[in-house]
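Structure record follows, encoded as structure tokens.
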Amino acid sequence: MPKIINYSARLRNFVKEFGEDIFSCDNAVLFCKVCGVKVSAEKKYNIQQHITRGKHIQQLNIRNQQEKPKSQLLVTDQCYTNTINKIRDFVRNKNVWVSIDETTDVEGRYVANVIIGTLEVNNPGKIFLLNSEVLEKANHSTISKLFDRSLFILWPEGILHDNVLLFVSDAAPYMVKSGKSLQVIYSKMVHITCLAHGLHRVAEQIRINFPEINSLISNIKKVFLKAPYRKNLFKNLAPGIPLPPEPIITRWGTWLNAINYYCEHFLHIKNVILQLDPDDALAIKNAKQLVENPEIEENLI
């Protein structure tokens with residue numbers, strides 16, 4: 001019995017510490033009011049872990065939103081209405097372009113943003129964020145429906161299909177498919193994919209065609225990453241030459257820039273790598289084998 005009393009007091013302390021609006025308890029259970037679930041109270045860490053979970057934070061935000069005074073909600077609604085009306089007034093009787101991009105948030109949800117801009121003769125026009133939605137899934141069907149819903153926000157009395165002249169997106173297959181299906185309804189619309197994505201695809205294809213060069217860059221990056229002694233050795237053996245770059249595949253062009261570096265400084269890099277002990281790290285062993293390959297320098301060029 002004394003053990004139960006102590007545990008009950010421990011639960012009450014947790015409720016007091018983390019907030020009576022968040023937790024409640026009886027003699028044996030700690031209950032989260034926000035999520036509607038029991039929470040392990042064996043350790044304080046378990047409670048801290050629960051309140052930092054995405055689901056708890058999401059439910060807390062929903063509850064806070066529902067508890068906002070009506071005056072606050074009215075102000076928010078009015079601000080939204082005023083902003084949309086300003087966009088409608090500016091876009092009235094003008095041709096527009098539309099761009100949609102989708103990303104994934106920390107909860108793993110698909111969030112799509114719709115941007116529009118005016119197409120004008122003597123100036124670049126203005127750009128507006130028209131809509132932002134969480135999609136059930138990201139495919140050509142949901143993107144096409146989002147496109148229509150967003151333009152209905154712009155033209156609630158009827159979408160001006162002939163005023164939509166351009167759709168800009170990335171080159172994801174579902175975006176390309178969506179563009180083709182939308183062109184049936186928006187007959188004057190041209191769909192173009194992002195040039196930067198196209199250049200990235202080219203760079204990616206080059207990397208795929210030269211696997212040994214890719215391995216060389218990757219291994220030499222590992223050789224000098226977080227290795228002060230090796231960096232100092234490099235500076236002593238190749239003074240005036242910058243350290244090997246650390247390209248990131250998702251940053252377009254950095255891999256090709258690394259190729260230019262290796263073409264220009266290959267002999268110096270080879271000399272440094274050959275001075276290192278291959279037993280120190282697998283990356284050094286791999287790099288040594290690659291720099292001694294007679295075809296590497298030719299492939300770099």
Do the side chain of [X] and the main chain of [Y] share a donor and acceptor less than 3.5 angstrom apart?
{"X": "Asn271", "Y": "Leu267", "result": "no"}
{"X": "Arg88", "Y": "Ile153", "result": "yes"}
{"X": "Thr83", "Y": "Cys79", "result": "yes"}
{"X": "Ser218", "Y": "Asn214", "result": "no"}

Does atom [atom1] ([X]) have a neighbourhood of more than 12 heavy atoms from anything else shown, all under 6.0 Å?
{"X": "Glu295", "atom1": "CD", "value": "no"}
{"X": "His268", "atom1": "NE2", "value": "no"}
{"X": "Glu20", "atom1": "CD", "value": "no"}

Legend entry - Test: Glu133 and Arg149 ion pair at under 4.0 Å: yes

Inset, instruction - Output yes when Asp89 and Arg92 qualify as a salt bridge under the 4.0 Å nitrogen-oxygen rule, no when they do not. - result: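 A salt bridge is present here (some side-chain N lies under 4.0 Å from a carboxylate O).
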
Reported [atom1]-to-[atom2] distance for the pair [X] and [Y], which is rounded to 0.5 angstrom:
{"X": "Glu298", "Y": "Asn293", "atom1": "CD", "atom2": "CG", "answer": "10.0 Å"}
{"X": "Lys145", "Y": "Leu135", "atom1": "NZ", "atom2": "CG", "answer": "11.0 Å"}
{"X": "Ile217", "Y": "Arg207", "atom1": "CD1", "atom2": "CZ", "answer": "9.5 Å"}
{"X": "Ser99", "Y": "Phe167", "atom1": "OG", "atom2": "CZ", "answer": "7.0 Å"}
{"X": "Leu165", "Y": "Lys94", "atom1": "CG", "atom2": "NZ", "answer": "14.0 Å"}
{"X": "Asn139", "Y": "Tyr110", "atom1": "CG", "atom2": "OH", "answer": "9.5 Å"}

Non-hydrogen side-chain atoms of [X] and [Y] separated by less than 4.5 Å:
{"X": "Lys177", "Y": "Ser144", "result": "no"}
{"X": "Phe18", "Y": "Leu30", "result": "no"}
{"X": "Val91", "Y": "Val96", "result": "yes"}
{"X": "Leu154", "Y": "Ile87", "result": "yes"}
{"X": "Ile296", "Y": "Glu212", "result": "yes"}
{"X": "His56", "Y": "Ile22", "result": "yes"}
{"X": "Pro244", "Y": "Lys221", "result": "no"}
{"X": "Leu237", "Y": "Gln275", "result": "yes"}

Inset, instruction - May I ask you to check if Lys126 and Phe90 form a cation-pi contact, with NZ or CZ under 6.0 angstrom from the six-membered ring centre and within 45° of the axis? - result: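 That pair qualifies as a cation-pi contact.
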
[X]-[Y] co-clustered via ILVMFWY side chain contacts under 4.5 Å:
{"X": "Val168", "Y": "Ile115", "answer": "yes"}
{"X": "Leu243", "Y": "Leu233", "answer": "yes"}
{"X": "Ile84", "Y": "Phe152", "answer": "yes"}
{"X": "Leu160", "Y": "Trp97", "answer": "no"}
{"X": "Tyr174", "Y": "Val176", "answer": "no"}

Inset, instruction - Test Lys137 against Thr142 for side-chain contact (heavy atoms from CB on, under 4.5 Å), laying out the working first. - result: CA-CA 7 Å; Lys137 57 181 72 172; Thr142 56; 4.1 Å; yes

Legend entry - Criterion salt bridge (Lys or Arg N to Asp or Glu O under 4.0 Å) on Glu17 and Lys44, from CA distance to verdict: CA-CA 10 Å; Glu17 179 178 353; Lys44 184 176 178 179; 2.6 Å; yes

Atom of [X], atom of [Y] and distance for their closest heavy-atom approach:
{"X": "Arg230", "Y": "Ala281", "answer": "NH2-CB, 3.9 Å"}
{"X": "Thr254", "Y": "Ile248", "answer": "OG1-O, 2.8 Å"}
{"X": "Tyr261", "Y": "Pro245", "answer": "CD2-CD, 3.3 Å"}
{"X": "Cys263", "Y": "Ile301", "answer": "SG-N, 3.8 Å"}
{"X": "Pro242", "Y": "Phe234", "answer": "O-CE2, 3.5 Å"}
{"X": "Phe266", "Y": "Val291", "answer": "CZ-O, 3.8 Å"}

Legend entry - side chain to side chain donor-acceptor pair (under 3.5 Å) contacts touching residues 154-170 (sequence neighbours left out):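 Only Ser169-His191 qualify under side chain to side chain donor-acceptor pair (under 3.5 Å).
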
Legend entry - Where at least one partner belongs to residues 282-292, residue pairs that pass side chain to side chain donor-acceptor pair (under 3.5 Å), sequence neighbours excluded: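 Listed by first then second residue: Asn219-Asn286.
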
Inset, instruction - May I ask you to check whether Tyr186 and Phe147 place their ring centres under 6.0 Å from each other? - result: yes

Inset, instruction - Apply the side-chain contact (heavy atoms from CB on, under 4.5 Å) test between Ile213 and each candidate in Ile206, Leu290, Ile259; give the one that qualifies. - result: Ile259

Legend entry - Criterion side-chain contact (heavy atoms from CB on, under 4.5 Å) on Val164 and Leu151, from CA distance to verdict: CA-CA 9 Å; Val164 183; Leu151 291 183; 3.7 Å; yes

Inset, instruction - Please assess Phe14 against Phe23 for the test ring-ring contact (aromatic ring centres under 6.0 Å, His included), listing each intermediate value before the final yes or no. - result: CA-CA 8 Å; Phe14 283 144; Phe23 292 104; 8.7 Å; no

Inset, instruction - Please check if any side-chain donor atom of Thr118 sits under 3.5 Å from a side-chain acceptor atom of Glu120, or the reverse. - result: yes

Inset, instruction - Report the C-alpha distance between Asn13 and Arg10 in whole Å, list the side-chain angles of each, state the deciding distance to 0.1 Å, and finish with yes or no for side-chain hydrogen bond (donor to acceptor under 3.5 Å, both in side chains). - result: CA-CA 5 Å; Asn13 287 335; Arg10 179 182 174 84; over 6 Å; no

Inset, instruction - Run the numbers on Val111 and Glu102 for side-chain contact (heavy atoms from CB on, under 4.5 Å), then give the verdict. - result: CA-CA 6 Å; Val111 182; Glu102 170 267 323; over 6 Å; no

Inset, instruction - Decide yes or no on side-chain contact (heavy atoms from CB on, under 4.5 Å) for Gln205 and Arg201, but give the supporting numbers first. - result: CA-CA 6 Å; Gln205 190 60 43; Arg201 291 283 182 89; over 6 Å; no

